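This report refers to the structure that appears directly beneath it.
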Amino acid sequence: MQIATWNVNSLAVRLPQLLDWLQAHPVDALVLQETKLTDEKFPAAELEAAGYHASFHGQKTYNGVALLTRSAHEGVIKNIPGFADEQARVIAGTVGGVRVVGGYFPNGQAPGSEKFAYKMAWLAALEAWLQQELAAHPKLVLLGDFNIAPEDRDVYDPVAWAGQIHCTAEERAHFQALQGLGLVDAFRLFEQPPKSWSWWDYRNLAFRKNQGLRIDHILVSQALEGQVAACTIDKAPRKNERPSDHAPVVLTLKD
DNA sequence: ATGCCTCCATCGTGGAGA
């Protein structure tokens with residue numbers, strides 16, 4: 001079973017690339033972030049023609065998430081129960097006995113800002129909810145654009161980024177709190193190439209210079225850890241014309 | 001370096017992203 005995440009930065013723009021990618025990588029489940037589409041504009045028919053069931057939770061201009069699965073999924077939840085949120089950032093569903101929770105974590109803009117406070121409150125609510133989800137669904141995957149670089153080795157220039165957004169002690173403490181729930185960073189279960197990033201700024205030729213951050217993650221529950229066979233970042237779509245600034249991350253589970 | 005790119009909303013240009 002393969003489960004993947006991709007921040008597409010506008011599904012309206014990236015749909016052709018998504019369809020190409022799914023044809024080459026027919027993963028069992030894929031969560032999308034930054035679809036930037038209201039639900040009536042979601043390309044459900046095109047994705048169904050490509051062999052995917054889709055659930056989606058979107059809005060105009062910003063945010064927006066989706067869950068695509070080859071077989072039907074059930075138990076869909078949109079956003080964090082009990083956490084009032086105008087922003088469409090979470091979608092969860094169950095497929096093949098695995099609870100899949102996709103998230104577009106808040107950016108946070110800058111430490112001390114209102115958006116940073118929202119990010120902290122959102123993360124606390126996510127953790128409280130996930131504790132219940134894990135109790136109900138021991139086999140759980142949390143994946144998406146976390147907007148957190150968990151360690152200095154996830155940052156191309158940790159000195160320049162020290163204390164900056166994505167790299168603050170507060171954000172990293174929340175990443176550790178998620179690990180404290182029993183979730184494991186699947187990418188780090190394996191030896192990985194140094195300078196492995198999932199996002200490269202559009203500006204400053206960052207991709208060409210491989211100046212990026214690893215902020216898109218796949219965390220697996222303890223009940224699934226033994227089944228993890230691989231976790232890789234697929235840089236290929238970042239080389240497309242008009243690419244997303246993020247690359248997909250793919251988890252492979254043994255049966 | 002208040003820069004760089006890309007997208008959205010909108011039709012000239014500002015906000016946001018990370």
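As the structure is a computational prediction, the values presented were derived from the model and not from experiment.
The NZ atom of Lys119(A) sits 10 Å away from the P atom of dG17(B) (whole-angstrom rounding). Between Gln17(A) atom CD and dC7(B) atom C1' the separation is 14 Å, expressed in whole Å. Computed from coordinates, the Asn204(A) CG to dC5(B) P distance equals 9 Å when rounded to whole Å. Atom P of nucleotide dC7(B) and atom CG of Asp145(A) are separated by 17 Å, given to the nearest angstrom. Rounded to a whole Å, the CZ atom of Phe207(A) is 17 Å from the P atom of dC5(B). When rounded to the nearest whole Å, the span between CH2 of Trp199(A) and C1' of dT6(B) equals 12 Å. The OH-P distance, from Tyr118(A) to dA18(B), rounds to 12 Å in whole Å.
Ranking dC8(B), dA18(B), dC4(B) by closeness to the Ser10(A) side chain, first place goes to dC8(B). Among dC8(B), dC4(B), dA18(B), the nucleotide with an atom closest to any side-chain atom of Lys36(A) is dC8(B).
Taking only side-chain nitrogens and oxygens, Arg203(A) never comes nearer than 4.0 Å to OP1 or OP2 of dG17(B). Between dC7(B) and Arg14(A), a contact under 4.0 Å exists linking OP1 or OP2 to a side-chain N or O. Side-chain N/O atoms of Asn147(A) include one lying less than 4.0 angstrom from OP1 or OP2 on dA18(B). Contact between the side-chain N/O atoms of Asn7(A) and the OP1/OP2 oxygens of dA18(B) is found at a separation under 4.0 Å. Here His246(A) does not reach the OP1 or OP2 of dG17(B): none of its side-chain N or O atoms lies under 4.0 Å away.
Rounded to whole Å, the C1' atom of dT6(B) lies 12 Å from the corresponding atom of dA18(B).
Counting only heavy atoms from C-beta outward, the side chains of Trp6(A) and Asp234(A) never approach each other to under 4.5 Å. Side chains of Phe207(A) and Pro243(A) form no contact here, defined as non-hydrogen atoms less than 4.5 Å apart.
In the region residues 164-174 of chain A, proximity to DNA chain B at under 4.0 angstrom, judged on heavy atoms, holds for His166(A). Within residues 58-65 of chain A, the residues having any heavy atom under 4.0 Å from DNA chain B are, by residue number, Lys60(A), Thr61(A), Tyr62(A).
Using bins of under 30°, 30° to 60° and over 60° for the plane-to-plane angle, the ring pair His217(A)/Phe146(A) lands in the perpendicular bin.
Applying the salt bridge (charged side-chain N to carboxylate O under 4.0 Å, His left out) test to pairs two or more places apart or on separate chains, none has a residue in residues 51-66 of chain A. Among residues at least two apart or in separate chains, side chain to side chain donor-acceptor pair (under 3.5 Å) pairs with a member in residues 41-56 of chain A are Tyr52(A)-Arg70(A), Ser55(A)-His73(A). Applying the side chain to side chain donor-acceptor pair (under 3.5 Å) test to pairs two or more places apart or on separate chains, those with a residue in residues 102-113 of chain A are Glu34(A)-Tyr104(A). For residues 94-104 of chain A, the pairs satisfying salt bridge (charged side-chain N to carboxylate O under 4.0 Å, His left out) are Arg99(A)-Glu133(A), with sequence neighbours left out.
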Donor-acceptor contacts, no H, no angles, side chain residues 248-255 of chain A, under 3.5 Å, sequence neighbours left out:
from      : atom 1 : to      : atom 2 : distance (Å)
Thr252(A) : OG1    : Gln2(A) : NE2    : 2.8

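Gln87(A) meets the side chain to side chain contact (heavy atoms under 4.5 Å, CB included) test with Gln59(A), Asn63(A), Asp85(A), Arg89(A), Tyr118(A); sequence neighbours excluded. In this structure, the salt bridge (charged side-chain N to carboxylate O under 4.0 Å, His left out) partners of Asp185(A), at least two apart in sequence or on a different chain, are Arg214(A).
Of the residues near DNA chain B, Tyr202(A) and Leu11(A), the one whose nearest nucleotide (by heavy atom distance) lies more toward the 5' end is Tyr202(A).
One can find a donor-acceptor pair under 3.5 Å joining the base of dA18(B) and the side-chain atoms of Asn107(A).
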